[in-house]
Amino acid sequence: MSIAEISVTSMNRIKPNHVANHQTYEFDRYDVSGLVHENKCTVTFYSICPGKSNYPYHYHTANEEVFYVINGHGLLETPVGEIAVAAGDVVVFPACKEGAHRLKNTSKSELLTYLDVDTNNSPDAVIYPYTNKVGVFVNGELPKFYLQDSNVPYYKGE
């Protein structure tokens with residue numbers, strides 16, 4: 001067991017991971033959580049490129065999320081419709097289908113930057129309603145994705 005440590009950092013001190021693997025999704029991810037061992041939450045800065053989103057519409061079954069918008073503006077897609085968000089806004093997502101979301105940067109030239117703080121319960125199933133996928137996230141392992149209708153009988157292969 002490690003001794004808890006206080007960590008102070010900023011986006012300027014973290015090397016971002018640039019993700020641009022899809023025409024709709026492009027962002028920089030600044031992972032703060034990697035600085036803390038045995039964390040019970042994850043902390044990440046995101047900068048979403050103009051006209052893009054960082055993740056498809058989804059919801060978590062085990063982890064809650066909180067976004068604090070630092071700068072820029074965008075549209076938050078939710079089960080009840082789109083909500084405009086801008087610098088200074090805080091958004092809280094429960095771990096259920098009512099917490100489904102996707103954040104899109106609606107600017108033509110400005111980054112949308114926000115701080116994302118999540119609980120870190122493992123495993124977490126992430127549901128993607130538009131594509132009928134489920135992602136299984138287990139701490140320390142690469143996530144796995146499945147189509148929800150690819151159900152296998154419980155005793156198959158046993």
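Predicted model, so just to flag it, every value in this text is computed and none were measured.
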Original post:
For residues 104-122, which residue pairs qualify under salt bridge (charged side-chain N to carboxylate O under 4.0 Å, His left out), counting only residues two or more places apart or in two chains?
Top reply: none
Subject >> Where at least one partner belongs to residues 6-30, residue pairs that pass salt bridge (charged side-chain N to carboxylate O under 4.0 Å, His left out), sequence neighbours excluded >> reply: none
**OP:** Enter the distance from Asn17:CG to Tyr46:OH here, rounded to the nearest 0.5 Å.
**Re:** 9.5 Å
Original post:
Just how far is it from atom CG of Asn132 to atom CG of Leu147, taken to the nearest 0.5 Å?
Top reply: 6.5 Å
Any side-chain heavy-atom pair of [X] and [Y] under 4.5 Å:
X	Y	answer
His60	Asp124	yes
Val126	Tyr59	no
Pro16	Phe27	no
Thr9	Val32	yes
Leu75	Val85	no

Going by the rule side-chain contact (heavy atoms from CB on, under 4.5 Å), which residues pair with [X] if we only count those two or more places apart in sequence or in a different chain?
X	result
Pro79	Tyr57, Ala100
Pro123	Val138
Thr131	Tyr128, Lys133

**OP:** Decide yes or no on side-chain contact (heavy atoms from CB on, under 4.5 Å) for Thr61 and Ile127, but give the supporting numbers first.
**Re:** CA-CA 8 Å; Thr61 61; Ile127 309 299; 4.2 Å; yes
**OP:** Report the residues that fulfil side chain to side chain donor-acceptor pair (under 3.5 Å) with Asn139, sequence neighbours left out, ordered by chain and then residue number.
**Re:** none
**OP:** With sequence neighbours left out, write down each residue that passes side chain to side chain donor-acceptor pair (under 3.5 Å) with Asn71, or none if nothing qualifies.
**Re:** Thr113
**OP:** Name the orientation class of the two ring planes belonging to His22 and Tyr25 (parallel below 30°, tilted from 30 to 60°, perpendicular beyond 60°).
**Re:** tilted
Tell me whether [X] contacts the main-chain N or O of [Y] through its side chain, where contact means a donor paired with an acceptor under 3.5 Å.
X	Y	result
Asn105	Lys52	no
Ser107	Ser109	yes
Ser53	Leu103	yes

Compare every heavy atom of [Y] with every heavy atom of [X], then report the nearest pair and how far apart it is.
X	Y	result
Pro50	Leu111	CD-CD2, 4.3 Å
Ala62	Asn121	O-ND2, 2.8 Å
Ile14	Tyr30	O-CD2, 3.4 Å

Original post:
Which ILVMFWY residues can you reach from Val80 by hopping between side chains whose heavy atoms are under 4.5 Å apart?
Top reply: none
Original post:
ring pair (Phe, Tyr, Trp, His ring centres under 6.0 Å): which pairs involve residues 64-90, sequence neighbours left out?
Top reply: Phe67-Phe93, Phe67-His101, Phe67-Tyr114
Original post:
Under 4.5 Å between side-chain heavy atoms, hopping through other hydrophobics if needed: is there a path connecting Leu76 to Ile48?
Top reply: yes
Original post:
Quick one: do the Asn63 and Thr119 side chains pair a donor with an acceptor below 3.5 Å?
Top reply: yes
Original post:
What pairs with Phe137 under ring-ring contact (aromatic ring centres under 6.0 Å, His included), at least two apart in sequence or on another chain?
Top reply: Phe145
Subject >> side chain to side chain donor-acceptor pair (under 3.5 Å) partners of residues 140-158, not counting sequence neighbours, each pair once >> reply: none
**OP:** Kindly state each residue pair satisfying side chain to side chain donor-acceptor pair (under 3.5 Å) with at least one member in residues 77-99, sequence neighbours excluded.
**Re:** Glu77-Arg102, Glu77-Tyr130
Original post:
For Ser47 and Met11, what are the C-alpha separation, side-chain angles and deciding distance, and is it a side-chain contact (heavy atoms from CB on, under 4.5 Å)?
Top reply: CA-CA 10 Å; Ser47 288; Met11 278 181 65; 3.6 Å; yes
